[in-house]
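It should be emphasised that the depicted structure is a prediction, and the values quoted were computed from it without experimental measurement. The figures here come from the full heavy-atom set of this structure, side chains too, leaving out hydrogens, waters and symmetry mates. Each chain gets a letter, A, B and so on, in the order the sequences are listed, and its residues count up from 1.
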There are 2 protein chains.
Amino acid sequence: MNIHSTKATPIQVNPIGKREHIIDATIKLISEYGFHGTPISLIAQEAGVGAGTIYRYFKDKDTLVLEIFKQANNAFKETLLHGYDANQTIRDRFLHLCRGIFQYGIQNPYEFKFIEQFYNSPYGTTLRREKLFCNCGDTGQELPLEQLFAFGQAQQIIKKLPLAALIALAIGPIVFLVKDSIAGLIQLDETTINSTLAACWDAVKQDTGGR
Amino acid sequence: MNIHSTKATPIQVNPIGKREHIIDATIKLISEYGFHGTPISLIAQEAGVGAGTIYRYFKDKDTLVLEIFKQANNAFKETLLHGYDANQTIRDRFLHLCRGIFQYGIQNPYEFKFIEQFYNSPYGTTLRREKLFCNCGDTGQELPLEQLFAFGQAQQIIKKLPLAALIALAIGPIVFLVKDSIAGLIQLDETTINSTLAACWDAVKQDTGGR
DNA sequence: ACAGACGGAATGAACATTCATTCTACAAAA
DNA sequence: TTTTGTAGAATGAATGTTCATTCCGTCTGT
C-alpha cells in the first residue's frame, strides 16, 4: 500500500462518514421496526461499526433518535418551502406545499416513515400538544399551510372548518398514499400525484356552486 | 373426567372478566407505547393479574396481540356496516361508511390507535400486501368502500383515480383527525364531523363544473 | 380433599451502556 | 527514510438491567 497522495479516496478512508452511517442505519431500521424494535446492536451492524462507537457520537439511544428527528424534520420543512412564492395564488401555494410532501416522501421514504412514527409516539404527541398550547416555538417556523388556510378563509376561498380539519384534509390523504407507496402497494406516477393534489384542493376549497 | 354438567366453555367458568381485563389493558398500553414498548409485566399490572396468568389465556405475546387485532378489526368492520343500505345513493353510502370511521375512532380510541399501529407494523404491511396480491381473503370481507368507488366511477360520479388514491382521500383525513382528537388536540363536535365528511366527498366526487 | 386457577418469584435470553484494550494516523526523533 | 511516541478513534467483551416465559406453592370453589 502506497502512502503518498491518498487524497482521491473520499469514501471509507475518511474518519468523517461514520456518523452518517450510524444515522442512516438508524433511520432505516427505526422507520421499519420502531424505536423499541431496533436494538443498538442492530444499528451498529447495519452501520458497519462497533456498538461502542455509536456512543462516541451520541450520548444515548434517545439522543440519537431525537437528533435524527430534528435533522429530518428540518430537511422536510426545507423541501416544502423550496421555491415557495408568497405571491402566487392561494391554490398554487397550496399545491406547492402539498406536492412537497409527496416529493419528500418519495425521495426520502425512510426519513418520511421515521418522522411519521416520531410524531405518533408519546414524545411526538407531547411535542405537538406543547406547540399548540404554548405557541412557544423553538424554531419559530410553523407550517405555512396554517397561515395559508387562515388567509384563504378570510377571502372565502377556503372552507369554514377548524384549522385542524383543513390540515387533515390536505395532509391526511398524502401521508396515507405515500405510506402505501413506500410499502409497495401502489406506484405513484406524476399523473396520479397531480390528480390527487387537485382532489385535495377540492376538499378544502370553498364551494362555488358545483353540485 | 366428570360427565354431568358438560362445560362447553372451559375458560369462562372462572371469575368472568379476567381475560377481558387483560385484553383491555393490552389495547390501552400498546395503543400508546407500541408492541415492543409495553412489557408483559406492565400489562399484568394494568389488568390487575399476575404475569403468569396472562399465559393461561394466551399462548404468548404475539398471539395475544394478533387475537386482539382480529377482534378489534371485526368490531370496526361491524361498526361501518351497521345500518349500511346498499340501496342508498353512492354519496349517502360513502358518508355512512366514513362516518362509521369517525364513530368507531371516537368511541374506541384505544382500539382505533391499536388497529392503526398494527396496520403500520411490518406484520400489518405484509398482511395488506398479501391481501392485495393474492386476493386470498380469509374472512372474505373487503371494505365495501372499494366496491362503492368502482361502481361510482362507472357512473361518472367518482373521480377517475387509482382506487388506492380514492381510499386515501376518503380515509386519510378521517384517520388524521381522529388521531388528533384522541391526542386531545381538537374537539370533534357533530358539526365539524359533518363538514369534514362533506369535504371528503368533495375530494372524491367527479367535478360537475364548479370552478 | 381435589382440580384447576392464580400470583409472582425464578430463569435465561436480549438489551443498552461502559470500559479496558487495540488500532490508526501522524509527527518528532534518529 | 525509518523508527518510535502519542492522542484520539474504534472496538467488542463485560456489566447490569429488563424482558418474555416458565414454574411452583397457594388459594378457591366444589
Next on the checklist: Heavy-atom nearest nucleotide on DNA chain C for B:Gly48 versus A:Lys59: which residue maps closer to 5'?
Outcome noted: B:Gly48
Item to check | Nearest-angstrom distance from the residue atom CD1 of B:Ile43 to P of D:dC19 | outcome: 11 Å
Checklist entry - Under 4.0 Å between a Lys/Arg side-chain N and an Asp/Glu carboxylate O for A:Arg128 and B:Asp180? => result yes
Checklist entry - Rounded to whole angstroms, how far apart are CD1 on B:Ile54 and P on D:dT21? => result 10 Å
Next on the checklist: Less than 4.0 angstrom between a side-chain N/O of A:Tyr57 and OP1 or OP2 of D:dA9, yes or no?
Outcome noted: no
Next on the checklist: Can a donor-acceptor pair be found, under 3.5 Å and without considering hydrogens, that links the side chain of B:His21 to the backbone of B:Ala44?
Outcome noted: no
Checklist entry - How close or far is atom P of D:dA20 from atom NE2 of A:His36, stated in whole angstroms? => result 11 Å
Checklist outcome for this item: Of D:dT11, D:dA20, C:dC15, the nucleotide closest to the side chain of A:Arg56 is D:dT11
Next on the checklist: Looking at B:Phe76, I want to see if its CZ is surrounded by more than 12 non-hydrogen atoms of other residues, nucleotides or ligands under 6.0 Å.
Outcome noted: yes
Checklist entry - Does a side-chain N or O from B:Lys18 land closer than 4.0 Å to OP1 or OP2 of C:dG7, or not? => result yes
Item to check | 5′-ward residue of the pair A:Thr53/A:Ile40 relative to DNA chain C | outcome: A:Ile40
Item to check | Gap between atoms CG and P, on B:Leu42 and D:dC19 respectively (whole Å) | outcome: 8 Å
Next on the checklist: Looking at B:Phe35, is its backbone amide N or carbonyl O close enough to the side chain of B:Lys61 to form a donor-acceptor pair, meaning the two atoms are under 3.5 Å apart?
Outcome noted: yes
Item to check | Distance in angstrom units between A:Ile22 CD1 and D:dT11 C1', rounded | outcome: 12 Å
Checklist entry - For B:Gln45 and C:dG7, what is the distance between atoms CD and P respectively, to the nearest whole Å? => result 13 Å
Next on the checklist: Looking only at the side chains, is there a donor atom on one of B:Asp189 and B:Thr192 sitting less than 3.5 Å from an acceptor on the other?
Outcome noted: yes
Checklist outcome for this item: The nucleotide from D:dT11, C:dG7, D:dA20 with an atom nearest the side chain of B:Tyr55 is D:dA20
Checklist entry - In whole Å, what is the span from the NE2 atom of B:His21 to the P atom of C:dC6? => result 12 Å
Checklist entry - Rounding to a whole Å, what distance do you find between B:Lys61:NZ and D:dT22:C1'? => result 17 Å
